[in-house]
2 protein chains.
Amino acid sequence: MSQCKNHQHCIDTAISNALLACQEANVRLTPLREQLLKLIWKSHQPLGAYDLIEMLAEVSERCIAPPTVYRTLNFLLNVGLIHRINSLNAFIGCTDPSTRHPSYFLICTECQTATECHNDSLRQQVSHIGTQTGFRIQQQWLEVLGLCQNCQKL
Amino acid sequence: MSQCKNHQHCIDTAISNALLACQEANVRLTPLREQLLKLIWKSHQPLGAYDLIEMLAEVSERCIAPPTVYRTLNFLLNVGLIHRINSLNAFIGCTDPSTRHPSYFLICTECQTATECHNDSLRQQVSHIGTQTGFRIQQQWLEVLGLCQNCQKL
DNA sequence: AACATTTTCGTTATAATATAACACTATTGT
DNA sequence: ACAATAGTGTTATATTATAACGAAAATGTT
Ligand SMILES: [Zn+2]
Ligand SMILES: [Zn+2]
Ligand SMILES: [Zn+2]
Ligand SMILES: [Zn+2]
């Protein structure tokens, strides 16, 4: 939770964003989907699918098998409510699901905090590369590993 | 091989680059390592570890188990002779192992060709984000999925 | 050459991540 | 009430990756 003062606010915002996004997309935020999204938002650290399975088991007594979790994760990915961190096989909440955008993250190797990075110059630069090379961009991920400001001090 | 006229030249260059890089780093390019690197350079498409195991079996009659291949892949990664495409769990040859650089790729979803992208403006832009946010960058990957020029025509 | 040291490779077992296939239940629209 | 669709449960299995340990090869030193 390194970078937020009131993490409950992050969670609340995430859920209300999710409700809006689902309404917009005309899909349903079922209890399971909402519960998983809340678990993902428990921290600002990417979580693996099997971490989430364990968390679900603890929280709700229900033992949910991998296919169900992966289905739900894919739903959240498709609606744009979460991102996948490919270098970690892990998932993290999107801080702005209102508009589709590439997945750019700064990930601290010390505290594991992943910070989404909405940077238009960067986006334009990538887009420019596409134009230059005649490549029609469909999807993109940038994952930057390193030390966040906090962890450099330690 | 989409973007190259003479792919044998790509392979030859890769091997001589590898010899140089290993000399420079004072490490050995053993037969196994060289063989694996050549297999990776068979095409401009990222290959999975288990693809490579199959290819090794076909080429050399030797049946090499996963740990050996992963060890060798990690060696090649560490020396900077190959890159890992995280979104595909796959590996591809580096087009310029002479200097360490981030892993930026354009990957065609149709023909699977992955083109390494040495773009300084992009690199500076990412570096700038690091400076702005006080994040000390250690490693980075950009993976752009889409359609290459060739595949758009089809 | 003989030996110790280090590096590389082989082998077995297993961990971690992800999906296929099919059945059942809940929701929605008529 | 019914049919159609969407969501979830369940079993089995595929795919990707590593731990642990021992044998072999290369390297450096007497
Ligand atoms: Zn927070
Ligand atoms: Zn986002
Ligand atoms: Zn080529
Ligand atoms: Zn490279």
Side-chain angles (χ1 to χ4, degrees), chain A residues 18-19 21-40 45-57 59-79 81-92 112 141 143, chain B residues 18-19 22-23 25-40 45-57 59-79 81-92 112 141 143:
Chain A
L19 288 167
C22 287
Q23 211 159 12
E24 189 69 23
N26 200 32
V27 292
R28 283 188 289 150
L29 191 67
T30 65
L32 177 64
R33 288 165 179 176
E34 184 174 337
Q35 188 173 33
L36 192 64
L37 187 61
K38 277 181 184 159
L39 288 177
I40 290 172
Q45 289 147 15
L47 294 170
Y50 284 78
D51 295 331
L52 291 165
I53 289 175
E54 275 188 35
M55 291 166 80
L56 277 170
V59 169
S60 67
E61 297 299 319
R62 54 206 308 205
C63 189
I64 296 215
T68 302
V69 166
Y70 278 100
R71 248 191 320 241
T72 310
L73 286 169
N74 284 327
F75 169 85
L76 296 172
L77 281 170
N78 287 330
V79 182
L81 296 173
I82 61 173
H83 295 284
R84 183 170 199 276
I85 306 290
N86 289 319
S87 59
L88 300 177
N89 297 329
F91 304 86
I92 190 161
Q112 275 74 52
W141 294 271
E143 299 177 14
Chain B
L19 288 167
C22 287
Q23 211 159 12
N26 200 31
V27 294
R28 282 187 292 152
L29 191 66
T30 64
L32 176 64
R33 289 165 177 174
E34 184 173 338
Q35 189 173 32
L36 192 63
L37 187 61
K38 276 182 186 159
L39 288 177
I40 290 172
Q45 288 146 16
L47 294 170
Y50 284 79
D51 296 331
L52 290 165
I53 289 175
E54 275 188 36
M55 291 165 80
L56 277 169
V59 169
S60 67
E61 297 299 319
R62 55 206 307 206
C63 189
I64 297 215
T68 302
V69 166
Y70 278 100
R71 248 191 320 243
T72 311
L73 286 170
N74 284 327
F75 170 85
L76 296 173
L77 281 170
N78 287 330
V79 183
L81 295 173
I82 62 174
H83 294 285
R84 183 169 198 275
I85 307 289
N86 289 319
S87 58
L88 301 176
N89 297 328
F91 303 85
I92 189 160
Q112 274 74 52
W141 295 272
E143 299 177 14

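So you know, we letter chains A, B, ... as the sequences are listed, proteins then strands, and number each from 1.
Side-chain contact between B:L32 and B:T68 is present, with at least one heavy-atom pair separated by less than 4.5 Å.
When distances are taken from the side chain of B:L32 to each of D:dG7, C:dG10, D:dT18, the shortest belongs to C:dG10. With D:dG7, D:dT18, C:dT7 as the choices, the nucleotide that has an atom nearest any side-chain atom of A:R28 turns out to be D:dG7. Nearest nucleotide to the side chain of B:T68, out of C:dT12, D:dG9, C:dC9: C:dC9.
Taking atom CG of residue B:N78 and atom P of nucleotide C:dT7, one finds them 14 Å apart after rounding to whole Å. Here D:dG7 presents its C1' atom at 13 Å from CG of A:L76, a figure rounded to the nearest Å. B:L56 has its CG atom 13 Å from the P atom of C:dT11, to the nearest Å. If you measure from atom CG of A:L88 to atom P of C:dA16, you get 16 Å, rounded to the nearest angstrom. Atom CD1 of A:I53 is separated from atom C1' of D:dT10 by 13 Å (rounded to the nearest Å). The distance between atom CG of B:L52 and atom P of D:dT15, rounded to the nearest whole Å, is 16 Å. Put simply, CD on A:E54 is 14 Å from P on C:dA15, counting in whole angstrom units. What separates CG of B:N89 from P of D:dT18 is a distance of 10 Å, to the nearest Å.
Summary of the strand contacts: B:P67 and B:V27 both lie near DNA chain C, and taking for each the nucleotide with the nearest heavy atom, the more 5' one is attributed to B:V27.
At least one donor-acceptor pair closer than 3.5 Å links the side chain of A:E143 to the backbone N or O of A:N86.
With B:V79 as the partner, the side chain to side chain contact (heavy atoms under 4.5 Å, CB included) test is satisfied by one option alone out of B:L29, B:N74, B:L37, B:V27: B:V27.
A:T30 comes within contact range of the sugar-phosphate backbone alone, with a heavy-atom separation under 4.0 Å but no base atom that close.
Ring stacking is absent between B:Y70 and D:dT18, as the pair misses the limits of under 5.5 Å between centres and under 30 degrees between planes.
Proximity of B:R71 to the phosphate of C:dG10: no side-chain N or O atom is located under 4.0 Å from OP1 or OP2. Here B:R33 reaches the OP1 or OP2 of C:dC9: one of its side-chain N or O atoms lies under 4.0 Å away.
Atom CZ of B:F75 and atom CG of B:L36 lie 11.0 Å apart (nearest 0.5 Å).
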Checking B:C22 against B:L81 for the side chain to side chain contact (heavy atoms under 4.5 Å, CB included) test, could you report, in this order, the C-alpha distance in whole Å, the side-chain angles of both residues, the deciding distance, and whether it holds?
CA-CA 9 Å; B:C22 287; B:L81 295 173; 4.2 Å; yes
